[in-house]
Participant: 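Right, I'll just put the structure down here and ask away after.
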Protein chains: 2
Amino acid sequence: MQPASESNRSRRPTSVDVAQAAGVSQATVSRALSGGSVSEATRKKVESIASRLGYSPNLVARGLVTSRSGMIGVVVADITNPFYPQLLEAIGNRLADQGRHMLLQNAASNSEEEEAARLLVEQRVDGIIFTTATSDSVAVRELMERRFPLVLVNRVVVGHCDAVEGDNLSGTAAALDHLVELGHRRIGMVAGDARASTTRQRSQGFEQRLAELGVPLRLDLVRSTNFSYPEAFCAAIDLLSLDKPPTAIFCHNDLTAFAVVNAARSLGISVPGELSVIGYDDVRESSWESYNLTTVKQQFQEMAARAVDLLESRIANPDLPPRHTVFDCPLIIRGTTAPPRGALAGKAVPR
Amino acid sequence: MQPASESNRSRRPTSVDVAQAAGVSQATVSRALSGGSVSEATRKKVESIASRLGYSPNLVARGLVTSRSGMIGVVVADITNPFYPQLLEAIGNRLADQGRHMLLQNAASNSEEEEAARLLVEQRVDGIIFTTATSDSVAVRELMERRFPLVLVNRVVVGHCDAVEGDNLSGTAAALDHLVELGHRRIGMVAGDARASTTRQRSQGFEQRLAELGVPLRLDLVRSTNFSYPEAFCAAIDLLSLDKPPTAIFCHNDLTAFAVVNAARSLGISVPGELSVIGYDDVRESSWESYNLTTVKQQFQEMAARAVDLLESRIANPDLPPRHTVFDCPLIIRGTTAPPRGALAGKAVPR
DNA sequence: CTGTTAGCGCGTTCAA
DNA sequence: TTGAACGCGCTAACAG
C-alpha cells in the first residue's frame, strides 16, 4: 500500500532535503528559517515545505557551528529536598522564556559535583548554575579560572563569581530575636554541611546574635548534618534525649526542621508546647497544616530569575565584573514557635 | 608575568591541538582517548598531553558524527510533586551508571508537553522518558509514528509503546479492601486528571472493587483534580462540608492525600478518628510522623531502572516489539486509616 | 598501528 | 537576494 519511493523512512530531514524540495540552496533554507534576508516569496515557500516535511533544525549541528548549545547546566545537591524542585521550577520557567533548556545534574558529593561539571562542559552547555558549591569545590574554581560562565545560587565561594543568595545573617537574627522574645534561653541548632557558605553564615549569625542578645551560646546543643532528613532526625533525637534538652531548635533548612518536628512527635514531645522549631527556606510544605512551620523565607522566584539573568548577561559578555545579589530573608511566623513551657513570655509582658 | 605566547586564552583545546602537541595525527588522538587500537606508548603520551592541556572531547561534535548525543530527555508534569523528584533521582542514578545525562523538561499542560518533546528532539536526545503522557498526547503519538525511542513511566496510551506502570487495579482494590474491612461504607475519592491512564485505571478499580464488595458507589463523593495540592485541598473542603461527608477518602496520589489530611485538620476533623485517608505512591514524606499516611506503594527504584533499561534496548534496537512491565502496588498500612466513628469494625469480628 | 580522507548538518563568509 | 564553498570538532572508513 505504501509507496516504495520513500527510501529513507526513519532518517530525519535536513536543511538539504528542504532545499532540494524547494528548489533553492541549503543556505537559503537556513536564512529563511532563522530570519536572514530572503524574499517574502521564498520564505513562504521554504517554510511550508519545511513543515510539510516535518523538518526541524538539528541543534547539535547548529551548536557545532555557533558554539552555543542553547543549554544551561544546573547542578543540585539533593533533588529530593523540596527546596530544589521549587527552585528548579522557577529556574526552568525563566530559562524556557528565553528559549533555553535545562540540563540537570544531581551531585550529592564534591566528587560528583566535579563529574557533573565535567559532563556539562563536555556537552557544551552555555553556562552553569550551581546550587551546591562548597568552599572546597574544585569544579567551581577550575571553571572560574577558565572564565566559564557560571552563577552560584544560595552559595558563595572565595574568589569572585556571580552569585545570588539570601541574607543569612539577618534571616538568622530575625529567627533568634523571635525565639528570645518568646522567652527561650536554651536554643539548639541543627546545622547543615560546614563546607557550605549558607551553613557558615547561619552558624555565624547564630553565635553573633545570641551574643548581642546576651543569651548564652550552648555548643552542646548544636549538631551538624548534611542537610538531609535522616541525619537531622537522628540529631534531633539526640538533642531531645539530653538531660536538659533545648526548648527551641533553629534549623538550617525546612527539610531538617521537618525532621526535628517529626522526631519530637515520635518521642511524644509536643510542638510548640514543649519544643519550638524554626526552619529556613519556606518551601511550600511548610505552610501546610501538618507542619505549619515557622521559618525564614527565601525568595525563590526572585533568586531564580536573577540567577538566570546574571548568567545570560555573563554569557553575552564574559568580561563583566562579578556581581553579587543578596535577597532579604523575612521571618514567617507560624505555629511551631511558642513560649517555652512555664515561661512568662520573655523578659517583658506586653502592656 | 604570564608568557604572552598563549595566543588563544579562552578557546578550549581541540583534538587537533593535542595531536600537534603530541606529534601525531588527530585521528590517533581520537582513537587513543576512546579506546581504539593504538600502541601503549602513544596512548600514554596522548593522555598525558591531553590532561596537561585540559582537553576534554566536544560531545557536540561527536554527536554530529555519531548521531548519538548521550542525552536522555525526561518530561515530568510537576516537579514540585515529590513523586517526581524521587523518580528522577532513581532515573538519574541509573542513567549516570550508563554514562548518560538527563535533559529535564517540566511540562504542566499538553501544549507544554508538545513543546518539550519538540525541543528534546531538536537537541537530538537519544530517547525520551515521558512521565506525563495523557491519552490525547499528540507529542507521544507523533514520536511513536516516527519510531523515536521513548518509554512511558506510570502511564500507558492507546497504541503500543514501551511502558512501565504500577498495577493500579489491584493497588486500588487493596486500598478499598482495607477500608471496607475497617467498616467504611461512605467512601469518597479525590481523583486525578481524567486524561491520565493512572486516573482512569484507579477510578475504574474503585468502581469495580466497590461493586465486588457490595458497597454502593457514591458519585457525589467523587471529585476530580489535576493531581495538584491546591485543587485537592478545595475538593476535600468541599467533600467534608457535605451534610453527610465521607468517612474515608481514597486519593490518587500522596500529594492530594496530604491536601486532604491538611484540609481535614484545618476544619478540626481528626484523622483517622473522623476521617480515614489513603494515598498512592508512597513518597518518602508519607512515612514521616506528621502524616504517617496509609498509602499504596509504587516501586520507584524498580520502575526507574526498568524504564531506563527498556529505553536503552529500544535505542540499540528500534525494531523490538513493544514491551510493557507492570509492577505490584502493595498497600502500606500506617496511621491515617481506622474504623469509622462508632463502627463495629466491619461485618465480622475476628474470632 | 597509524595517517589521510570524507563527511555529520548547519551558519556564514564571499561573489555573483 | 541568492548560491557556492568552507569549516565547526569529531568519528569512521580506508590505505599504508
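Because the structure is a prediction, the values reported are computed rather than measured. Labels below follow one simple rule: chain letters A, B, ... track the order of the sequence lines, proteins then strands, and each chain is numbered from 1.
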Participant: Might you point out which heavy atoms bring B/Leu150 and B/Met144 nearest each other, and give the distance in Å?
Facilitator: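 In terms of heavy atoms, the two residues are closest at CD2-N, 4.2 Å.
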
Participant: Quick check on contacts: within residues 36-46 of chain A, what sits under 4.0 Å from DNA chain C by heavy-atom distance?
Facilitator: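 Listed by number, there are none.
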
Participant: Which whole-number value in Å describes the distance from B/Gln123 CD to C/dC10 P?
Facilitator: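 Taking atom P of C/dC10 as the reference, CD of B/Gln123 is at 13 Å.
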
Participant: Give a yes/no on whether any side-chain N or O of B/Ser25 is located under 4.0 angstrom from OP1 or OP2 of C/dG3.
Facilitator: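 Result: yes.
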
Participant: Can you check the B/Arg124 CZ to D/dG9 P distance for me, whole Å?
Facilitator: 20 Å

Participant: We want to know whether A/Arg12 and A/Ser56 form a side-chain donor-acceptor pair, criterion being a heavy-atom distance below 3.5 angstrom.
Facilitator: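 Present: a donor and an acceptor within the cut-off.
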
Participant: Less than 4.0 Å between a side-chain N and a carboxylate O, is that true for B/Arg118 and B/Glu122?
Facilitator: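 A salt bridge links B/Glu122 with B/Arg118.
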
Participant: Which heavy-atom pair separates B/Ser69 from B/Arg124 by the least distance, and what is that distance?
Facilitator: OG-O, 2.7 Å

Participant: Once you round it to whole Å, what is the distance between C1' of C/dT12 and CG of A/Leu33?
Facilitator: 16 Å

Participant: Given B/Val75, which partner from the list B/Leu119, B/Leu103, B/Leu120 fulfils the side-chain contact (heavy atoms from CB on, under 4.5 Å) test?
Facilitator: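 Looking at B/Leu119, B/Leu103, B/Leu120, the match for B/Val75 under the side-chain contact (heavy atoms from CB on, under 4.5 Å) is B/Leu120.
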
Participant: I would like to know whether A/Ser313 and A/Arg323 meet side chain to side chain donor-acceptor pair (under 3.5 Å); could you show each step before the answer?
Facilitator: CA-CA 11 Å; A/Ser313 62; A/Arg323 292 146 302 168; 2.7 Å; yes

Participant: In whole Å, what is the span from the CD atom of A/Glu122 to the C1' atom of D/dC10?
Facilitator: 13 Å

Participant: Please check if any side-chain donor atom of A/Gln86 sits under 3.5 Å from a side-chain acceptor atom of B/Thr80, or the reverse.
Facilitator: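 Absent: no donor and acceptor within the cut-off.
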
Participant: Just checking A/Val60: base, sugar-phosphate only, or nothing, at a heavy-atom cut-off of under 4.0 Å?
Facilitator: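 No contact.
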
Participant: Would you tell me whether A/Glu113 and A/Ser137 have side-chain atoms, one donor and one acceptor, within less than 3.5 Å of each other?
Facilitator: yes

Participant: Please encode protein proximity along nucleotides 11-16 of chain D as a string of B, S and -, counting only heavy-atom distances under 4.0 Å.
Facilitator: BBB---

Participant: Whole angstrom is fine here: how far is it from CG in B/Leu64 over to P in C/dG9?
Facilitator: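 Going from B/Leu64 (CG) to C/dG9 (P), I get 7 Å.
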
Participant: Let me know, please, whether B/Ala61 or B/Thr28 comes out on the 5' side of the other along DNA chain C by nearest nucleotide.
Facilitator: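 The residue mapped nearer the 5' terminus is B/Thr28.
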
Participant: Who are the side-chain hydrogen bond (donor to acceptor under 3.5 Å, both in side chains) partners of B/Asn154, not counting sequence neighbours?
Facilitator: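 side-chain hydrogen bond (donor to acceptor under 3.5 Å, both in side chains) check on B/Asn154 returns B/Gln298.
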
